[in-house]
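Only heavy atoms go into these numbers, but all of them, side chains included; no hydrogens, no water, no symmetry mates. Everything numeric here is computed off the predicted structure, so don't read it as measured data.
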Amino acid sequence: MPVNLALSFQGETVEITTEHFDKLQFGIKSLLEGVGHLVNASGNYPQEGSVASIEMQVDEYAEEVQTVCSQASLLAESAGDHAFAVSRLLEPPLLTVSPWTSVRGALEPAAYGCWLMDPDIGGRDRIARSLAFRYGGLLHQKKAAGSMGDENGVRHAKERIQKVTADARRLGFEEKPIRKGEF
């Protein structure tokens, strides 16, 4: 099989063949099909009998668990779109850097989605993670608006941060100061 690409790292050379790319493409497409079936089967709602569906039966947290499911669904869609982009970027003519940079765009939302929907945590921890995820996103939104001089955007982000903070307090969560480098 002809070598399409030879990579060298610390004196070791790895040859990547057309067969390697074909297997990678097949794996990405199979993953996307599986995720697509999962998302299409349940949408923003948890599947019957799942941990999340059981957590939603606790009335005081039903809305918050639904929010987590919506977040996870959007994260799965984002991860799928990015994975599909990686698949396209691996088509000839081969790009050497952008496919691998785009992998992060697939992995990061997938990791956040798994973190939110971890079946080994309880409903309160899931909701706390959801609130932290929303809070962190709003901090980034506020920072982006501020860097562009968008006072309206900064004000809107601050209002939403106050709402998330108020929701957290209403649900009995304590505020923890964020230290530099933490999320």
Side-chain angles (χ1 to χ4, degrees), residues 27-28 30-86 101-147 150-183:
I28 290 171
S30 295
L31 173 66
L32 291 175
E33 283 179 24
V35 170
H37 289 305
L38 179 68
V39 170
N40 290 333
S42 57
N44 291 337
Y45 298 95
Q47 291 186 350
E48 189 66 34
S50 69
V51 172
S53 72
I54 294 166
E55 289 172 359
M56 282 185 67
Q57 292 173 8
V58 177
D59 288 337
E60 81 178 295
Y61 298 129
E63 184 178 336
E64 287 78 13
V65 173
Q66 176 57 53
T67 298
V68 178
C69 291
S70 295
Q71 288 171 319
S73 181
L74 287 170
L75 288 164
E77 290 278 343
S78 177
D81 280 359
H82 282 86
F84 188 70
V86 170
T101 304
S102 298
V103 166
R104 179 179 180 179
L107 290 177
E108 194 169 282
Y112 273 121
C114 290
W115 179 66
L116 287 172
M117 298 308 290
D118 182 351
D120 294 331
I121 63 171
R124 263 188 84 67
D125 288 339
R126 189 174 325 286
I127 293 164
R129 288 180 180 189
S130 170
L131 290 166
F133 180 69
R134 286 173 53 203
Y135 186 86
L138 289 168
L139 288 178
H140 289 298
Q141 185 179 351
K142 181 180 137 199
K143 188 183 291 186
S147 71
D150 179 3
E151 292 303 318
N152 222 13
V154 170
R155 189 182 76 259
H156 182 67
K158 282 181 178 179
E159 289 169 0
R160 292 183 66 205
I161 287 169
Q162 288 173 348
K163 167 108 174 65
V164 170
T165 303
D167 287 345
R169 282 190 198 118
R170 176 181 55 81
L171 293 166
F173 292 106
E174 294 179 26
E175 284 185 68
K176 289 184 180 178
I178 297 175
R179 288 175 271 179
K180 189 172 179 115
E182 275 189 352
F183 174 60

Chemist: I'd like to know if the side chain of Ser130 and the backbone of Arg126 have a donor-acceptor N/O pair within less than 3.5 Å.
Modeler: no
Chemist: Under the side chain to side chain contact (heavy atoms under 4.5 Å, CB included) rule, what do Ile121 and Arg129 come out as? Steps first, then yes or no, please.
Modeler: CA-CA 10 Å; Ile121 63 171; Arg129 288 180 180 189; 3.7 Å; yes
Chemist: Just how far is it from atom CZ of Arg134 to atom OG1 of Thr165, taken to the nearest 0.5 Å?
Modeler: 10.0 Å
Chemist: Regarding Lys163 and Glu159, does a basic nitrogen lie under 4.0 Å from an acidic carboxylate oxygen?
Modeler: no
Chemist: State whether the number of non-hydrogen atoms from other residues, nucleotides or ligands found under 6.0 Å of Phe84 atom CZ is greater than 12.
Modeler: no
Chemist: Does Leu131 reach the side chain of Leu171, with side-chain heavy atoms less than 4.5 Å apart?
Modeler: yes
Chemist: For the pair Ser78 and Glu108, evaluate side chain to side chain contact (heavy atoms under 4.5 Å, CB included) and give the outcome as yes or no after the intermediate values.
Modeler: CA-CA 9 Å; Ser78 177; Glu108 194 169 282; over 6 Å; no
Chemist: Tell me the closest heavy-atom pair linking Ser147 and Ala144, and the distance in Å.
Modeler: OG-O, 2.8 Å
Chemist: Taking all heavy atoms of Ala145 and all of Val154, pick out the closest pair and write down the distance.
Modeler: CB-N, 3.6 Å
Chemist: If I take atom CD1 from residue Ile28 and atom NE2 from residue His82, how far apart are they, to the nearest 0.5 angstrom?
Modeler: 13.5 Å
Chemist: So which atom in Ala79 and which in Ala106 form the shortest heavy-atom distance, rounded to 0.1 Å?
Modeler: CB-O, 3.4 Å
Chemist: Measuring from atom OG1 of Thr67 to atom CZ of Phe133, what distance do you get when rounded to the nearest 0.5 angstrom?
Modeler: 12.5 Å
Chemist: Determine whether His156 and Arg160 make a side-chain contact, defined as any pair of heavy atoms from C-beta on separated by less than 4.5 Å.
Modeler: yes
Chemist: Any side-chain heavy-atom pair from Gln71 and Leu74 closer than 4.5 angstrom?
Modeler: no
Chemist: State the CG-CD1 distance between Leu139 and Ile161, to the nearest 0.5 angstrom.
Modeler: 4.5 Å
Chemist: With side chains defined as the heavy atoms from C-beta onward, is the minimum distance between Glu77 and Pro109 less than 4.5 Å?
Modeler: no
Chemist: Quick one: CG on Leu116 to OG on Ser70, what's the gap to the nearest 0.5 Å?
Modeler: 11.0 Å
Chemist: Any salt bridge linking Arg124 with Glu64? Criterion: basic side-chain nitrogen under 4.0 Å from a carboxylate oxygen.
Modeler: no
Chemist: Using 0.5 Å steps for rounding, measure from the CD1 atom of Ile127 to the CZ atom of Phe173.
Modeler: 5.5 Å
